[in-house]
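Below is one structure, written out as structure tokens; the observations come after it.
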Amino acid sequence: MANAQADGQWYPPEWPELIRALASGDLTPAVPRRAATVMLLKDTGDGPAVHMLRRRTSMAFAGGAYAYPGGGVDPRDDDRHVRWAGPARAWWAERLGVDEAGAQAIVCAAVRETYEEAGVLLAGPTPDTVVGDTTGEDWEADRAALVARETSFAEFLDRRGLVLRSDLLGAWTRWITPEFEPRRYDTWFFVAALPEGQRTRNASTEADHTVWITPRDAAAGYDRGELLMMPPTIATLRRLTAYETAAEALDAAPARDLTPVLATARLVAGEIVLSWPGHDEFTKRIPTGGAPA
């Protein structure tokens, strides 16, 4: 079970030992798996709210932490026949810093995972439309088949006659799990607005609670130590507080820097100093054999 500090920063108790093993050469970093997560927004009287889920406390990774819908790329997410609308794959490749197949896989993962975990589908029958309510039994059967990997996202779109709406996504930031973590992800964070007619629900087997909350309220809960979060989650929430509407956040996305954020650990005066470049609030000083300060 992870620790929370005075604030709600997620901090696994095994990190100091893993950091020391990495520093001594006894730990070989795992190759990070590509992943995508989506900050789904909707406008309220108090500004945009974001859809968040709380990971079950029984989860091995970040149990009890609040996060956004998301997950790893399915090897089939780069199927060449995915129906596609919005910026071309070449545009997305340049934006995300990968090749075209990788760009399609990451965008597909963002859309697919949002549907799998929140029941929201950023796709429509034509390049300028979006499906309405997706809560019927037939939709649920399709969603369950995607979760079980019994069908690929491309096959699902083809059978439904749907086009993936990549133009409804805005790439926001990119974080890579620290080298000392055994489970590593290279994760692209996206923003998207909840399509009209659709509604979220807790469709994830990994979550025990979901909530629509303004970024300001979520950040305040984190600061009070009431909401547990990983650094990228609270960092993105703090950035979202600057926008008064979901559309404003989406408009700001193309100018966002996607340079990967990767935590570093170094020895300084007998302490391990754990830091995330550009995010000083997450810096932790870990005495040898002790807890972070």
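Values reported hereafter were calculated over all heavy atoms of this structure, with side chains retained and with hydrogens, waters and symmetry mates removed.
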Could you list the residues that satisfy salt bridge (Lys or Arg N to Asp or Glu O under 4.0 Å) with [X], not counting sequence neighbours?
{"X": "Asp217", "answer": "none"}
{"X": "Arg83", "answer": "Asp158"}
{"X": "Asp138", "answer": "Arg160"}

With [X], which residues qualify under side-chain hydrogen bond (donor to acceptor under 3.5 Å, both in side chains), at least two apart?
{"X": "Thr241", "value": "none"}
{"X": "Arg184", "value": "none"}
{"X": "Arg216", "value": "none"}

I'd like to check the side-chain contact (heavy atoms from CB on, under 4.5 Å) partners of [X]; sequence neighbours left out, ordered by chain and number.
{"X": "Ala253", "result": "Trp172, Val191"}
{"X": "Ala123", "result": "Leu121, Leu157, Leu162"}
{"X": "Asp99", "result": "Ala101"}
{"X": "Ala109", "result": "Ala36, Val73, Asp77, Arg112"}

* Structure fact -> Here the side-chain hydrogen bond (donor to acceptor under 3.5 Å, both in side chains) pairs for residues 248-258, sequence neighbours left out, are Asp257-Thr259
* Asked: Residues sharing Leu262's hydrophobic cluster, by side-chain heavy-atom contacts under 4.5 Å among ILVMFWY, directly or via others?
  -> Ile176
Do [Y] and [X] meet the salt-bridge criterion of a basic N to acidic O distance under 4.0 Å?
{"X": "Asp186", "Y": "Arg174", "answer": "yes"}
{"X": "Asp74", "Y": "Arg34", "answer": "no"}
{"X": "Arg183", "Y": "Glu181", "answer": "no"}

* Do the side-chain N and O atoms of Tyr68 and Thr236 include a donor-acceptor pair separated by under 3.5 angstrom? -> yes
